[in-house]
2 protein chains.
Amino acid sequence: MRRDSRLSRMLHVLIHMDRHYKRATSETISKMLCTNAVVVRRTMAGLRDFGYVRSEQGHGGGWELARGLDQITLLDIYEAIGKPPLFAIGPSVDQPECLVEQAVDAKLGDALKEAEALLLERFRTVTIADIAADFDRRMPEGQCNIHGNIHAEQSASG
Amino acid sequence: MRRDSRLSRMLHVLIHMDRHYKRATSETISKMLCTNAVVVRRTMAGLRDFGYVRSEQGHGGGWELARGLDQITLLDIYEAIGKPPLFAIGPSVDQPECLVEQAVDAKLGDALKEAEALLLERFRTVTIADIAADFDRRMPEGQCNIHGNIHAEQSASG
DNA sequence: CCATCTGTAACAAGATAGGTTACATGTCTT
DNA sequence: AAGACATGTAACCTATCTTGTTACAGATGG
Ligand code: FES
Ligand code: FES
């Protein structure tokens with residue numbers, strides 16, 4: 001597989017949980033994300049450990065939000081999924097002996113650090129509620145009907 | 001392997017070619033980069049196609065610079081190696097139907113685009129000569145002795 | 001007890017950079 | 001012309017990482 005999509009996926013599911021579900025099972029979430037329930041548990045385990053969601057086992061269990069979307073930033077989720085590497089390029093060795101390579105990696109590292117700082121600053125200042133507000137602008141009715149069957153089934157049982 | 005190191009490697013070798021060699025074979029370069037001669041040819045083929053280096057076959061052949069290091073930017077080399085993806089994170093699907101996911105990817109994409117623009121701007125404004133100047137500050141004698149045997153052998157024959 | 005969940009280990013699949021082997025082609029020396 | 005030397009390139013393997021899948025243990029409530 002190519003690029004790590006865990007951050008995007010977790011933002012997606014958190015907004016759906018806030019808007020459409022009180023509580024959702026890994027199975028339900030896996031259908032939204034077009035993936036497997038084990039992948040959902042694996043990824044959301046980090047969010048649970050950081051206190052952004054709660055999980056309950058057994059009959060009637062599942063996942064639910066532990067705080068409001070305005071209290072969670074993109075940076076929070078990025079850290080909760082384990083701070084995966086942001087960049088796909090980098091030096092070939094960690095501690096090069098060659099002074100030329102040291103100079104190359106230093107200059108390249110400066111540019112990467114600047115870009116990383118900018119990216120993480122954006123992550124820090126954007127809450128998931130901000131993204132949900134963008135969703136509201138795209139769909140004023142507040143209802144996304146692509147997986148309407150799942151939503152209906154849940155809101156009937158919830 | 002983890003992160004694409006072709007940009008770093010090409011910058012490294014171009015500076016060595018400017019400072020220590022008139023002409024270098026793929027074999028010699030592969031020893032500098034601790035890799036294989038075929039990998040060197042494969043990667044430098046892009047630089048040749050863009051006119052930054054020349055290659056000559058046959059006896060006495062090899063690679064040489066086609067222009068001064070002050071005439072080559074990091075962006076030039078990044079493009080010459082085929083513009084590999086810069087980021088290791090991204091959305092899970094290209095054209096999501098779900099409006100929530102569209103909002104997530106749009107917001108995430110904005111942050112990534114900003115960081116990418118900054119990174120490419122740095123690449124555009126830094127020449128390889130700038131990096132070589134940093135090398136001079138680290139090693140005023142202008143000689144890196146780690147692979148001194150290779151350098152000596154080349155400057156004797158060259 | 002049993003159905004329903006999460007938690008987790010173990011392994012397979014898919015993608016990509018990099019390493020390796022093999023061979024064709026071009027070029028200089030003798 | 002012969003042979004050494006060097007690039008050009010295809011083909012295949014390896015390493016690593018995210019994701020997908022199967023299997024099973026443990027918790028929970030009817
Ligand atoms: S995932 Fe958004 S409506 Fe189904
Ligand atoms: S690679 Fe820099 S001295 Fe050998």
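It should be emphasised that the depicted structure is a prediction, and the values quoted were computed from it without experimental measurement. Each chain gets a letter, A, B and so on, in the order its sequence line appears, and its residues count up from 1. Values reported hereafter were calculated over all heavy atoms of this structure, with side chains retained and with hydrogens, waters and symmetry mates removed.
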Considering all heavy atoms, the nearest A:Ala24-A:Ile29 contact
CB-CG1, 3.9 Å

Cationic N near anionic O, under 4.0 Å, A:Asp110 to A:Lys107
no

Work out which heavy atom in A:Leu11 is nearest to a heavy atom in A:Ile131; give both atom names and the distance.
CD1-CD1, 4.1 Å

Quick one: B:Lys31 NZ to C:dG19 P, roughly how many Å, whole number?
16 Å

Rounded to the nearest angstrom, tell me the gap between atom CZ in A:Arg6 and atom C1' in D:dG20.
14 Å

Does the pair B:Glu116/B:Lys113 count as a salt bridge with the N-to-O cut at 4.0 Å?
no

Between the protein and nucleotides 24-26 of chain C, list every N/O to N/O distance that falls short of 3.5 Å.
residue : atom : partner : partner atom : Å
C:dG26  : O4'  : B:Gln57 : OE1          : 2.5
C:dG26  : N2   : B:Gly58 : N            : 3.0

Check B:Glu114 with A:Arg122, please: is the shortest side-chain N to carboxylate O separation under 4.0 Å?
yes

Has A:Ser5 got a side-chain N or O lying under 4.0 Å from the OP1 or OP2 atom of D:dT18?
no

In the hydrophobic clustering that connects Ile, Leu, Val, Met, Phe, Trp and Tyr at side-chain heavy-atom distances below 4.5 Å, which members other than B:Leu118 occupy its cluster, ordered by chain and number?
A:Leu118

Tabulate below the donor-acceptor pairs under 3.5 Å that side-chain atoms of residues 37-51 of chain A make, not counting sequence neighbours, or state none.
residue : atom : partner : partner atom : Å
A:Arg41 : NE   : A:Ser26 : OG           : 3.4
A:Thr43 : OG1  : A:Val39 : O            : 2.8

Can you sort out which residues in residues 76-89 of chain B have a heavy atom within less than 4.0 Å of DNA chain D? Ascending by number, please.
none

Between C1' on D:dT7 and CD on B:Glu64, what's the gap in Å once rounded to a whole number?
14 Å

Quick one: which of C:dG18, D:dT18, D:dG20 gets closest to the side chain of A:Thr35?
D:dG20

Any B:Ser26 side-chain N or O less than 4.0 Å from OP1/OP2 of D:dA6
no

In terms of side-chain geometry, is the basic nitrogen of B:Arg23 or B:Glu56 positioned less than 4.0 Å from the acidic oxygen of its partner?
yes

Taking 4.0 Å as the cut-off, does a side-chain nitrogen or oxygen of B:Arg3 come that near to OP1 or OP2 on C:dG18?
no

Heavy-atom closest contact (B:Thr127 atom, B:Leu69 atom, distance):
CB-O, 3.8 Å

Please classify the nucleic acid contact of B:Glu27 as base, sugar-phosphate, or nothing, using heavy-atom distances under 4.0 Å.
nothing

Among residues 36-54 of chain B, which contact DNA chain C at a heavy-atom distance under 4.0 Å?
B:Asn36, B:Val38, B:Val39, B:Arg42

A:Asp76 backbone acceptor or donor facing A:Thr73 side chain under 3.5 Å:
yes

Would you say C:dG7 has OP1 or OP2 under 4.0 Å from some side-chain N or O of A:Ser55?
yes

Mind checking what makes salt bridge (charged side-chain N to carboxylate O under 4.0 Å, His left out) contact with B:Arg67, not counting sequence neighbours?
none

